[in-house]
Amino acid sequence: MEHNRIDLLIHNIGTLITMQGSRGPRTGREMSEVGAVRGGAVAIRDGLIVAAGPVDEVMADIGGLAIERKHDAQGLLVTPGLIDPHTHLVHGGSREHELALKLRGMSYLEILAQGGGILSTVRATRQATEEELYAKAKASLDMMLSFGVTTAEAKSGYGLTLEDELKQLRVAHRLNREHPVDLVSTFMGAHVVPEEYKGRSGEFVKVVIEQMLPEVKRQGLAEFCDVFCEHGVFSVEESEQILLAAKELGFGLKIHADEIEPIGGAQLAGKLGCISAEHLIAASDEGLEAMRQAGVVAVCLPATSFNLRLTHHARARDMIERGLAVALSTDYNPGSSPTESIQLVMTLGCLNLGMTPEEVLTAVTINAAHAIGRSDTVGSLEAGKQADLVIFKADNLAYLPYHFGINHVHTVFKRGNVVVSTGN
Ligand SMILES: [Zn+2]
């Protein structure tokens, strides 16, 4: 390794958002402190950031080192690579036929009770070959990358047998190796009670704990374990059993909590010290307080509420005022959120959750990194972290959520390499 040179200098940056200076997930007012710099530059060596900040400081930092290549950012906006911390990336089939049912007023839980919804995705995922799942997930990951996502999480949970869960996780594992986007894998065998265990959720919980979790661990296919804790899915008690077993095995913990009814999922997240709790639309004050005390990142999913046509939303504004760390994600999945667009989520974060553009960017960079245990390597532009960054066709941050429904990406860098270029 040669240290007497810089591989790449990105210069002529109009506004550089660094997100520098976080100690932990950003909470409360810190979510507005994005480290915006006018006239910035980023120096990169071996895929890592050497210096990022005002151009004169960066030049002083790198002293007389030779600069191998320069990239002119044309006075545009540059941010850390975006992070999508909650996706159901790998699955078979799609569910566009449910749109008409929803328009006729059928709810998510009603469609599920009829064996549709998530259960139809389970059937399609079981039928699909590993190659088919790979091709479909890769196309979605390409789409995420095109919107500026350089790191994402991917959950299993549409197989619901040991072999089919392993199949999903192997696909994510292979994509992580072969695709520019880094993937963090989560085992979510307790996503729904499969048809063959209908009315016997306790027996299925046993299968998850005794068969699935140890084998997923043995094969090293997931870092986190997640549970859908919801009325009619897995109870608070069942969720606790599964998450405690996962903790014992060394998994990090996540939980889909209080999306539809306030059954106490948020409290459980606090009690168990989950790294994140997701959805939280119906979470109670006590639940949010338990999360705050335990430092659980609140992952809000406004594209899901939008797609479910809900008129009430996660209380992100309130969470921020209470001192919680909020992250945002697509929840990309074939049922309640069929979109890969993190940029749409940013707009919905502003319009439906009342977050500011600064808070929204924090929520899809450094706080999202914390939600998936990657804050040491990504989520901000500072010395030693991966050189993952996005040049947007925009002058300023507010323009991204303001001009919505389009893709603002100009260029995406992953570990210092151009992986998306719109060619203008
Ligand atoms: Zn989800």
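Just so you know, these numbers use all the heavy atoms, side chains as well, and skip hydrogens, waters and symmetry mates.
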Applying salt bridge (charged side-chain N to carboxylate O under 4.0 Å, His left out), can you list everything that pairs with Glu278, at least two apart in sequence or on another chain?
none
Quick check against the 3.5 Å criterion: does Ser22 have a side-chain atom that pairs as donor or acceptor with the backbone of Pro25?
no
Between atom OG of Ser375 and atom CG of Asn367, what is the distance when rounded to the nearest 0.5 Å?
10.0 Å
Regarding Glu153 and Thr186, do their side chains bring together a donor and an acceptor under 3.5 Å, going by distance alone?
yes
Does any non-hydrogen side-chain atom of Leu160 lie less than 4.5 Å from one of Phe204?
yes
Lys/Arg N to Asp/Glu carboxylate O, Glu340 vs Lys136, below 4.0 Å
no
Tell me every residue that passes side chain to side chain contact (heavy atoms under 4.5 Å, CB included) with Glu321, counting only those two or more places apart in sequence or in another chain.
Arg317
Check whether any side-chain heavy atom of Lys138 sits under 4.5 Å from a side-chain heavy atom of Leu175, and report yes or no.
yes
Donor-acceptor pair, side chain of Lys217 and main chain of Met212, under 3.5 angstrom
no
Any side-chain heavy atom of Lys414 within less than 4.5 Å of one from Thr151?
yes
Which pair of non-hydrogen atoms, one from Leu133 and one from Ala128, has the smallest distance, and what is that distance?
CD2-CB, 3.6 Å
Do you see a donor-acceptor pair shorter than 3.5 Å between the side chains of Glu96 and Ser94?
yes
Look at the side chain of Ser146 and the backbone N and O of Met143, then say whether any donor-acceptor pair between them is shorter than 3.5 Å.
yes
Backbone N or O of Asp331 within a donor-acceptor pair of the Asn333 side chain at under 3.5 Å?
yes
Taking only residues two or more places apart in sequence, or in another chain, which ones meet Tyr134 in a ring pair (Phe, Tyr, Trp, His ring centres under 6.0 Å)?
none
Between Glu30 and Arg23, does any side-chain N to carboxylate O distance fall below 4.0 Å?
yes
Measure from the side-chain N and O atoms of Gln127 to the backbone N and O of Ala124, and report whether any donor-acceptor pair falls under 3.5 Å.
no
Residue pair Leu389 / Ile10, side-chain heavy-atom distance below 4.5 Å
yes
Are the side chains of Met31 and Val326 in touch, meaning some heavy atoms are under 4.5 Å apart?
yes
Pair Lys198 + Glu195, salt bridge at N-O below 4.0 Å:
no
Under 4.0 Å between a Lys/Arg side-chain N and an Asp/Glu carboxylate O for Glu223 and Arg374?
yes
Quick one: side chain to side chain donor-acceptor pair (under 3.5 Å) partners of Glu130, sequence neighbours excluded?
Arg170
Is there a donor-acceptor contact under 3.5 Å linking the side chains of Ser329 and Asp84?
yes
When rounded to the nearest 0.5 angstrom, what is the spacing between CD1 in Ile17 and CG in Leu397?
5.0 Å
So if I apply the side chain to side chain contact (heavy atoms under 4.5 Å, CB included) rule between Val205 and each of Arg200, Glu237, Gln241, Glu210, which one comes out positive?
Gln241
Spatial distance of atom CG (Leu141) from atom CD (Glu178) [nearest 0.5 Å]
11.5 Å
Looking only at heavy atoms, what is the nearest atom pair of Ala314 and Met319, with distance?
CB-CE, 4.3 Å
Less than 4.5 Å apart, any side-chain heavy atom of Leu82 and any of Leu361?
yes
Who are the side chain to side chain contact (heavy atoms under 4.5 Å, CB included) partners of Ser305, not counting sequence neighbours?
Ile281, Leu310, His313
Donor + acceptor pair across side chains of Lys385, Ser380 (<3.5 Å):
yes
Gap separating the CG atom of Asp72 from the CD1 atom of Ile391, nearest 0.5 angstrom:
8.5 Å
Flag for Thr161-Arg126: side-chain donor and acceptor within less than 3.5 Å
no
Determine the interplanar angle of the Tyr402 and Tyr399 rings, folded into 0 to 90°, and report it as parallel if under 30°, tilted if 30 to 60°, perpendicular if over 60°.
tilted
Let me see the working for Arg415 and Asp46 under salt bridge (charged side-chain N to carboxylate O under 4.0 Å, His left out), right down to the final yes or no.
CA-CA 8 Å; Arg415 294 195 174 89; Asp46 298 323; over 6 Å; no
Set of side chain to side chain contact (heavy atoms under 4.5 Å, CB included) partners for Ala246, sequence neighbours left out:
Leu213, Cys225, Phe251, Leu253
Taking atom types as modelled, is there a side-chain donor on Glu165 or Ser156 under 3.5 Å from an acceptor on the other?
yes
Going by an N to O cut-off under 4.0 Å, is there a salt bridge joining Arg218 and Glu215?
yes
Considering residues at least two apart in sequence or located in another chain, which fulfil the side chain to side chain contact (heavy atoms under 4.5 Å, CB included) criterion with Phe404?
Thr347
Do any pairs count as a ring pair (Phe, Tyr, Trp, His ring centres under 6.0 Å) and have a residue in residues 253-297, sequence neighbours left out, and if so which ones?
His86-His256, His86-His279, His88-His256, Phe228-His256, His256-His279
Do Ser337 and Tyr332 have side-chain N/O donor and acceptor atoms under 3.5 Å apart?
no
For Arg38, give me all partners under side chain to side chain donor-acceptor pair (under 3.5 Å), at least two apart in sequence or on another chain.
Thr15
Under 3.5 Å, which donor-acceptor pairs do the side chains of residues 259-275 form with other protein atoms, sequence neighbours left out?
{"from": "Lys271", "atom 1": "NZ", "to": "Glu240", "atom 2": "OE1", "distance (Å)": "3.3"}
{"from": "Lys271", "atom 1": "NZ", "to": "Glu240", "atom 2": "OE2", "distance (Å)": "2.9"}

Could you walk me through whether Glu289 and Arg292 satisfy the salt bridge (charged side-chain N to carboxylate O under 4.0 Å, His left out) test, starting with their C-alpha distance in whole Å, then the side-chain angles of each, then the deciding distance to 0.1 Å, before giving a yes or no?
CA-CA 5 Å; Glu289 181 54 25; Arg292 189 191 65 76; 2.8 Å; yes
Under a 3.5 Å cutoff, is there a donor and acceptor pairing between the side chains of Asn407 and Gln343?
yes
For the rings on His408 and His403, is their centre-to-centre separation under 6.0 Å?
yes
Are side-chain heavy atoms of His179 and Leu145 found at a separation under 4.5 Å?
yes
Residues in side chain to side chain donor-acceptor pair (under 3.5 Å) contact with Ser201, at least two apart in sequence or another chain:
Glu238
When you measure from the side chain of Gln293 to the backbone of Ala290, do you find a donor-acceptor pair of N or O atoms at a distance under 3.5 Å?
no
Residue set satisfying side chain to side chain donor-acceptor pair (under 3.5 Å) with Asn307, at least two apart, ordered chain then number -> Lys102
Is there side-chain contact between Gln386 and Asp182, with heavy atoms separated by less than 4.5 Å?
yes
To the nearest 0.5 Å, what is the distance between CG (Leu243) and CG (Asp226)?
8.0 Å
With no hydrogens and no angle check, is any side-chain donor or acceptor of Thr18 less than 3.5 Å from a backbone partner on Gly35?
yes
Do you know the tightest heavy-atom contact between Ala327 and Val297?
CB-CG1, 3.9 Å
Leu101 side, atom CG; Ile111 side, atom CD1 - distance, nearest 0.5 Å:
5.0 Å
